[in-house]
Colleague: 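Before we start, here is the structure in question, set down as structure tokens.
Note that the structure is predicted; figures quoted are calculated from it, not measured. We count residues from 1, following the sequence as given.
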Amino acid sequence: MASAVRAASGSRTLKQLLYELKNISSVDGAATCSLAGKYITEQYRRFETTEQQHCRAKEELQFTAETYRCYLESIRRLKDLNESYRGKGERSIRETADMVGFKLPHDPK
């Protein structure tokens, strides 16, 4: 039962990792993404375990995969935040207040 839960967790992590890898790659990085995806998938297959065997490397692989997934997701979120708050030159007082959620004194409440 516990190995089935670990297998489900591992496949979910693999899917999330491949999803994040695909999201951060640009058109130029498509080949790199494909190679990295193939390598990651091969590593998951290499460390598959059955109910009769326990593999410490599988647990290490799971931890490393979760770490990389978190890293890739963080890069994607940082890119989104930078795009939304990137400087666009001078902003008016109203635009700045709207951006941070404040209302100007003469705005209706």
Colleague: If you count every heavy atom of other residues, nucleotides or ligands that lies below 6.0 Å from Ile93 atom CD1, does the total exceed 12?
Modeller: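 Atom CD1 in Ile93 is not crowded, with 12 or fewer foreign heavy atoms closer than 6.0 Å.
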Colleague: Are Leu14 and Tyr19 connected in a single hydrophobic cluster, I mean Ile/Leu/Val/Met/Phe/Trp/Tyr linked by side-chain heavy atoms less than 4.5 Å apart?
Modeller: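 Result: no, two separate clusters.
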Colleague: CG/Leu72 to NZ/Lys22 distance, rounded to the nearest 0.5 angstrom?
Modeller: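 The distance works out to 14.0 Å.
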Colleague: Which pair of heavy atoms, one from Leu104 and one from Ala97, lies closest together, and at what distance?
Modeller: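 Between these two residues, the closest heavy atoms are CD2-CB, 4.0 Å.
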Colleague: Should Glu73 and Arg69 count as an ion pair when the cut-off is N to O under 4.0 Å?
Modeller: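 Yes, this pair counts.
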Colleague: Let me check something: do Ile40 and Tyr71 share a hydrophobic cluster, defined by ILVMFWY side-chain heavy atoms less than 4.5 Å apart, either directly or through other members?
Modeller: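 Same hydrophobic cluster.
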Colleague: Between atom NZ of Lys79 and atom OG of Ser84, what is the distance when rounded to the nearest 0.5 Å?
Modeller: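 Result: 13.0 Å between the selected atoms.
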Colleague: Can Leu18 and Thr41 be said to form a side chain to side chain contact (heavy atoms under 4.5 Å, CB included), step by step?
Modeller: CA-CA 9 Å; Leu18 293 175; Thr41 306; 4.1 Å; yes
Colleague: Mind checking the CG-CD spacing from Leu21 to Gln16? Nearest 0.5 Å is all I need.
Modeller: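 Atom-to-atom, Leu21:CG and Gln16:CD are 13.5 Å apart.
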Colleague: Going from CZ on Arg94 to CE on Met99, what distance comes out if it is rounded to the nearest 0.5 angstrom?
Modeller: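 Answer for the CZ-CE pair, Arg94 versus Met99, is 15.0 Å.
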Colleague: If you measure from CG on Asn23 to CZ on Arg76, what distance do you get to the nearest 0.5 Å?
Modeller: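 Spacing of CG (Asn23) from CZ (Arg76) equals 5.5 Å.
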Colleague: If you round to the nearest 0.5 Å, how far is CD of Gln62 from OG1 of Thr64?
Modeller: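 Here the rounded value is 9.5 Å.
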Colleague: Determine whether a donor-acceptor pair (N or O, by modelled atom type, separation under 3.5 Å) exists between the side chain of Glu95 and the backbone of Ser92.
Modeller: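 Pair found, side chain donor or acceptor close to backbone of Ser92.
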